[in-house]
**Q** 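I have a structure here, written as structure tokens, and I will follow up with some questions on it.
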2 protein chains.
Amino acid sequence: MDNTTPPQPFKRIFGDANDSTTLAQRVVEQLRALIMEGALPPEYQLPNEPDLATALNVSRSTVRSALTILEQGGFIQRRWGVGTFIAKSPPTYNNLSINSGVTQLIRSSGAEPGHTEFLMVTRPASEHVANRLSIEPGAPVVVLERVRLANQRIVVFCLDILPQALFQNSTGMIPLAEIEEYIRENQSMYTFIRERLGKEIHHGIAWIRPLTAEAYLAEKLAIPRGSSVLHLEQVDFSVDEEPLALTDEYYVPDAFTFYIYRSS
Amino acid sequence: MDNTTPPQPFKRIFGDANDSTTLAQRVVEQLRALIMEGALPPEYQLPNEPDLATALNVSRSTVRSALTILEQGGFIQRRWGVGTFIAKSPPTYNNLSINSGVTQLIRSSGAEPGHTEFLMVTRPASEHVANRLSIEPGAPVVVLERVRLANQRIVVFCLDILPQALFQNSTGMIPLAEIEEYIRENQSMYTFIRERLGKEIHHGIAWIRPLTAEAYLAEKLAIPRGSSVLHLEQVDFSVDEEPLALTDEYYVPDAFTFYIYRSS
DNA sequence: TCGGCTTAGATGTCTGACAACGACGCATTA
DNA sequence: TAATGCGTCGTTGTCAGACATCTAAGCCGA
């Protein structure tokens with residue numbers, strides 16, 4: 001109806017990039033970014049598929065493949081014979097179906113991320129950890145423990161656990177101090193895995209459950225003992241299902257509003 | 001590797017059906033069912049796309065469209081130049097990304113569903129409810145309240161809230177008693193909406209948070225006061241984003257293990 | 001024994017065409 | 001006048017065939 005505001009910053013996509021990702025995937029990423037940053041408003045009707053294809057410099061099949069993925073994720077809605085529209089309320093970063101890190105979650109809520117109690121150690125993997133990461137019990141893992149802040153306020157207690165074997169560089173082991181420095185600066189485990197280890201996180205599986213804060217956790221989160229916190233235990237995988245990281249996150253109640261898009 | 005066990009009950013798909021769904025969607029449903037009931041085991045390599053297309057009696061583009069959707073949902077994994085495989089651990093019904101009802105959730109855990117405290121009333125919508133359902137505050141809604149059992153054990157307290165306007169039949173209003181009888185028998189709100197109202201639930205959006213059980217809830221769930229319960233508030237939509245039902249679910253801690261597939 | 005080349009088979013992309021659907025306008029009819 | 005039916009047009013869905021690109025595996029030679 002109010003399609004009178006036509007912003008269309010569709011960028012041409014070049015196939016020469018040795019991105020190792022597929023063309024359709026790059027189209028998805030571009031459109032998803034445009035939607036999530038609000039450049040394409042809700043209910044806005046996209047150009048039809050042939051036009052979109054030429055605008056993006058790809059074929060219609062590639063565009064259709066990308067649109068199928070976006071539709072499945074709840075970003076757009078397609079109506080046969082009518083057109084393709086941005087969803088009424090497309091997913092945001094507090095949508096659990098999107099595997100964004102805590103840093104991005106905090107930023108998207110309009111707050112500035114920070115941390116206290118930054119701690120990084122190496123220790124042998126427990127039975128449970130080893131099982132989740134598909135490594136041998138007792139194999140060394142790097143543990144990163146953080147209490148994380150949004151605008152100075154404690155919102156989540158994080159535990160990132162990675163197999164030490166991941167940090168094997170061609171020249172040997174990356175020193176812990178270097179990792180620590182990087183993360184202190186960029187605040188993100190995800191970007192470290194991608195930029196320094198050259199591994200791409202393809203998807204994650206998160207177990208979710210409520211938990212009653214006992215003494216230790218209550219102190220970490222600075223909440224009354226006995227409060228209900230949300231526990232998110234997540235394993236992140238590479239594209240070929242190799243476990244890259246195990247993450248334990250304990251969220252202060254009502255710090256964020258999480259939701260999930262459930263397709264029938 | 002161990003593709004020596006080749007089960008292939010792919011059924012030919014006929015286009016003559018006036019299903020109103022697309023062909024690709026029907027392919028998705030068939031394959032998803034085969035995967036979830038275990039007919040296609042994890043890591044099993046599917047036939048290549050042209051063969052699958054002829055087996056299903058559709059074109060390769062349709063198959064590819066379906067496979068894209070299944071891949072996005074974590075059911076299969078495609079490797080360029082290699083083949084298409086069932087995922088190592090494909091989603092099950094306790095995956096929150098799949099919009100299955102509580103009945104199916106209980107059944108899939110191997111338990112027999114039941115209920116106590118079955119209660120059905122009509123009342124005016126509160127501000128919050130009206131907002132969620134996109135109706136006027138004070139408009140009548142049908143409320144279904146159930147304490148639900150898995151093998152006689154209390155697992156969840158459910159509140160289903162539907163706009164009364166939905167029950168307007170061509171011959172007038174469907175009597176509450178008839179609805180009640182149907183649900184007592186089939187135990188499922190979802191199938192009622194589909195079979196009796198002719199509306200199809202296309203997707204849902206669920207807000208998830210931990211909650212401390214106060215006196216009322218503790219009694220309903222027969223747990224100690226102060227326990228942490230999981231609260232799932234969900235709105236189900238039709239394909240054109242019309243809100244059909246609002247559902248409040250309060251889960252007994254550790255009754256189910258929920259997880260989420262998070263794609264990056 | 002190792003390394004590079006070739007080849008076969010799979011998914012990814014492109015092109016062009018037609019089918020099916022939905023909104024809209026218009027003429028017809030009660 | 002208002003409701004109804006029909007045709008047109010634009011869009012998404014499906015089909016067909018071809019080629020590109022990637023992977024794994026086998027072959028061959030150094």
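Note on naming: letters A, B, ... go to the chains in the order of the sequence lines (proteins, then strands), and numbering restarts at 1 for each one.
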**Q** Could you pull out all residues at least two apart from Glu241(B) that satisfy salt bridge (Lys or Arg N to Asp or Glu O under 4.0 Å)?
**A** none
**Q** Measure across Val82(A) and Gln45(A) and return the closest heavy-atom pair with its distance rounded to 0.1 Å.
**A** O-NE2, 3.6 Å
**Q** Given atom CD1 of Ile13(B) and atom P of dC15(D), what is their separation to the nearest angstrom?
**A** 10 Å
**Q** Do Leu67(B) and Val27(B) make a side-chain contact, defined as non-hydrogen atoms from C-beta onward lying under 4.5 Å apart?
**A** no
**Q** How many whole angstroms separate atom CD of Gln45(A) from atom P of dA23(C)?
**A**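 Spelled out: CD on Gln45(A) to P on dA23(C) is 12 Å.
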**Q** Between atom CZ in Arg26(A) and atom C1' in dG12(C), what is the gap in whole Å?
**A**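 It is 12 Å, rounded to the nearest whole Å.
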**Q** How many Å lie between CD on Gln25(B) and C1' on dT12(D), as a whole number?
**A**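 One finds 15 Å between C1' of dT12(D) and CD of Gln25(B), rounded.
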**Q** For Gly83(B) and for Val58(A), locate the closest nucleotide of DNA chain C by heavy-atom distance; then report the residue assigned to the nucleotide nearer the 5' terminus.
**A**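 Its nearest nucleotide lies further toward 5', so the answer is Gly83(B).
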**Q** Measure CG/Leu52(A) against P/dT13(C) and give the value in whole Å, please.
**A**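 My rounded result for the distance is 15 Å.
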**Q** For Tyr190(B), enumerate each residue passing the ring pair (Phe, Tyr, Trp, His ring centres under 6.0 Å) test, keeping only those at least two apart in sequence or located in another chain.
**A**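 By the ring pair (Phe, Tyr, Trp, His ring centres under 6.0 Å) rule, Tyr190(B) matches no residue at all.
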**Q** Would you say dG10(D) has OP1 or OP2 under 4.0 Å from some side-chain N or O of Asn48(A)?
**A**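 No.
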**Q** Starting at CD of Glu49(A) and ending at C1' of dA20(C), how long is that distance when rounded to a whole Å?
**A**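 Checked: the CD to C1' distance equals 14 Å.
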**Q** Taking Tyr261(A) for the side chain and Pro90(A) for the main chain, is one N or O donor matched with an acceptor at less than 3.5 Å?
**A**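 Flag not set: sc Tyr261(A) to bb Pro90(A) has no pair under 3.5 Å.
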**Q** Rounded to whole angstrom units, what separation is found between the CG atom of Leu23(B) and the P atom of dT12(D)?
**A**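 About 19 Å, once rounded to whole Å.
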**Q** Counting the benzene-type ring for Trp, do His203(A) and Phe237(A) have ring centres under 6.0 Å apart?
**A** yes
**Q** Mark yes or no for a side-chain to base donor-acceptor pair under 3.5 Å between Arg60(B) and dG12(C), with no hydrogen or angle criteria applied.
**A** yes
**Q** At a heavy-atom distance below 4.0 Å, what parts of residues 61-68 of chain B sit against DNA chain D?
**A**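 Within this stretch, Ser61(B), Thr62(B) sit under 4.0 Å of the strand.
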**Q** Quick one: list whatever passes salt bridge (Lys or Arg N to Asp or Glu O under 4.0 Å) with Glu249(B), sequence neighbours left out.
**A** none
**Q** What is the distance from CG of Asp240(B) to P of dT12(D), rounded to the nearest Å?
**A**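 Spelled out: CG on Asp240(B) to P on dT12(D) is 17 Å.
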**Q** Which residues within residues 70-81 of chain A lie with some heavy atom under 4.0 Å of an atom in DNA chain D?
**A** Arg78(A), Arg79(A), Trp80(A), Gly81(A)
**Q** I'd like to check the side-chain contact (heavy atoms from CB on, under 4.5 Å) partners of Glu185(A); sequence neighbours left out, ordered by chain and number.
**A** none
**Q** Side chains of Trp207(B) and Leu232(B): closer than 4.5 Å at any heavy-atom pair?
**A**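 No. Closest side-chain heavy atoms not under 4.5 Å.
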